[in-house]
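One structure is given below, encoded as structure tokens.
Naming: A, B, ... by sequence-line order, numbering from 1 per chain.
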There are 2 protein chains.
Amino acid sequence: MKKMPRGEGKFLIKQRAFIKLFMIKFVEENRLYGMQAMDELKAAFKQFGYEPNHSEIYRSLHELIDDGILKRHKKLQEGAKYKEVVIYQFDDYEKAKLYKKQVKTDLDRSINLLRKAVEDVF
Amino acid sequence: MKKMPRGEGKFLIKQRAFIKLFMIKFVEENRLYGMQAMDELKAAFKQFGYEPNHSEIYRSLHELIDDGILKRHKKLQEGAKYKEVVIYQFDDYEKAKLYKKQVKTDLDRSINLLRKAVEDVF
DNA sequence: CTATGAACACATTGTTCATAT
DNA sequence: ATATGAACAATGTGTTCATAG
């Protein structure tokens, strides 16, 4: 595949961007490790038949690190389990806000595209 | 990949279903061959940055034939060109209406899923 | 050139396996 | 068992090539 000069020809927003947006939200709310985020996402969107799997969650978090938006550190899990979990913080919050804005644009575009389809056909 | 027991775990509607819906609409309107359909779709959704390519159009039409929804026959193109084009008609219109209904459900689901994301995050 | 179709290549994402606690 | 991560595999779709007029 050549390159898409800049989102040209694209259909709907990608799952990856969708999840990354929620990961940023979870970090903003200061409570997060991967499995918790997945469980919350699953609970929130189960009503729409959407249940993201753990690999997509981790891929999204890793990509946010590569983007320079998040950074990770380890922490002992609460309770008597003495198990490390990976916690995320912002590495560059300005970048995070910019990314959110971009995803918002893509979400709105996708919604409007689908709404037009419904209007045109039904 | 195993099988998705029935649309479980899925994110948004697929481009293929989206295009098949419009192909059915074009056949209902009784004017269609592949390239025309593509041009109309491109014109309609260019405003959202979405421009489907010809392969997806043909794949969608072929799949509708495999589904038993459309059938094809050839026709001489209008004008002095004596070139054959492929025209589609319904093979089973009840199936077509059922499929439209299913896609409508998936469109609505997708819109609502995205709307919830916007509400939750912004 | 336009229209149709198939082949190929890459991108996305689901499933499975590995490792540590 | 739970949490994280990587490897593997299937699907979806964009690009290129082929063929016919």
request  = Output yes when a side-chain donor or acceptor of B:Ser110 lies under 3.5 Å from a complementary backbone atom of B:Ile13, and no otherwise.
outcome  =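 Between the backbone of B:Ile13 and the side chain of B:Ser110 there is a qualifying donor-acceptor contact (under 3.5 Å).
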
ask   = Is the side chain of B:Asp67 donor-acceptor paired with the backbone N or O of B:Ile69 at a distance under 3.5 Å, no angle test?
value =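 Absent.
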
Value in whole Å for how far the [atom2] atom of [N] lies from [atom1] of [X]:
{"X": "B:Met38", "N": "D:dT15", "atom1": "CE", "atom2": "P", "result": "12 Å"}
{"X": "B:Tyr33", "N": "C:dT2", "atom1": "OH", "atom2": "P", "result": "10 Å"}
{"X": "A:Asp39", "N": "D:dT4", "atom1": "CG", "atom2": "C1'", "result": "14 Å"}
{"X": "B:Phe11", "N": "D:dT13", "atom1": "CZ", "atom2": "P", "result": "13 Å"}
{"X": "B:Lys10", "N": "C:dT13", "atom1": "NZ", "atom2": "P", "result": "14 Å"}
{"X": "A:Leu12", "N": "C:dT12", "atom1": "CG", "atom2": "P", "result": "14 Å"}
{"X": "A:Glu56", "N": "D:dA6", "atom1": "CD", "atom2": "P", "result": "14 Å"}
{"X": "A:Lys42", "N": "D:dT2", "atom1": "NZ", "atom2": "C1'", "result": "13 Å"}

query = In terms of side-chain heavy atoms of B:Val86, which of D:dT13, D:dT4, C:dG5 is nearest?
reply =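 Ranking D:dT13, D:dT4, C:dG5 by closest atom to the B:Val86 side chain puts C:dG5 first.
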
query = Can you tell which of C:dT15, D:dT4, C:dT13 lies closest to the side chain of A:Arg72?
reply =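 Comparing C:dT15, D:dT4, C:dT13 against the side chain of A:Arg72, the answer is D:dT4.
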
Common cluster, A:Leu98/B:Val121, ILVMFWY with side-chain heavy-atom separation under 4.5 Å =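 No: no chain of side-chain contacts under 4.5 Å links A:Leu98 to B:Val121.
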
task = Specify the residue among A:Ser55 and B:Lys14 whose closest nucleotide of DNA chain D lies further upstream toward the 5′ end.
result =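 Taking each residue's closest nucleotide, the earlier one in sequence belongs to A:Ser55.
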
Could you go through nucleotides 18-20 of chain D and list every protein N or O atom that sits under 3.5 Å from one of its N or O atoms, giving the distance for each pair?
none

Flag the pair [X] and [Y] as a salt bridge only when some basic side-chain nitrogen lies within less than 4.0 angstrom of an acidic carboxylate oxygen.
{"X": "A:Lys100", "Y": "A:Glu28", "value": "yes"}
{"X": "B:Arg109", "Y": "B:Asp106", "value": "yes"}
{"X": "B:Arg59", "Y": "B:Glu56", "value": "yes"}

ask   = Hey, does the Lys NZ or Arg CZ of B:Lys104 hover above the aromatic six-ring of A:Phe122, less than 6.0 Å from the centre and inside 45° of the axis?
value =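 Judged by the rule, B:Lys104 and A:Phe122 form a cation-pi pair.
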
inquiry  = For A:Glu94, give me all partners under salt bridge (Lys or Arg N to Asp or Glu O under 4.0 Å), at least two apart in sequence or on another chain.
reply    =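 Per chain and number, A:Glu94 pairs via salt bridge (Lys or Arg N to Asp or Glu O under 4.0 Å) with A:Lys97.
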
message = Please determine whether ring pair (Phe, Tyr, Trp, His ring centres under 6.0 Å) holds for the pair A:Phe22 and A:Phe45, giving the CA-CA distance in whole Å, both sets of side-chain angles, and the decisive distance to 0.1 Å.
response = CA-CA 12 Å; A:Phe22 275 90; A:Phe45 289 97; 5.4 Å; yes

ask   = For A:Phe18, which contact category applies under a 4.0 Å heavy-atom criterion: base, sugar-phosphate, or nothing?
value =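 The residue A:Phe18 makes no contact with any strand.
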
query = Would one find a side-chain N or O of A:Gln15 under 4.0 angstrom from OP1 or OP2 of C:dG14?
reply =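 Answer is yes, contact under 4.0 Å.
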
key: 5'-most by nearest nucleotide on DNA chain C - A:Glu84 or A:Asn53   =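 Closer to the 5' end of DNA chain C: A:Asn53.
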
query = Can you list, by residue number, the residues of residues 57-64 of chain B that have a non-hydrogen atom closer than 4.0 angstrom to DNA chain C?
reply =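 Residues of residues 57-64 of chain B under 4.0 Å from DNA chain C: B:Tyr58, B:Arg59, B:His62.
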
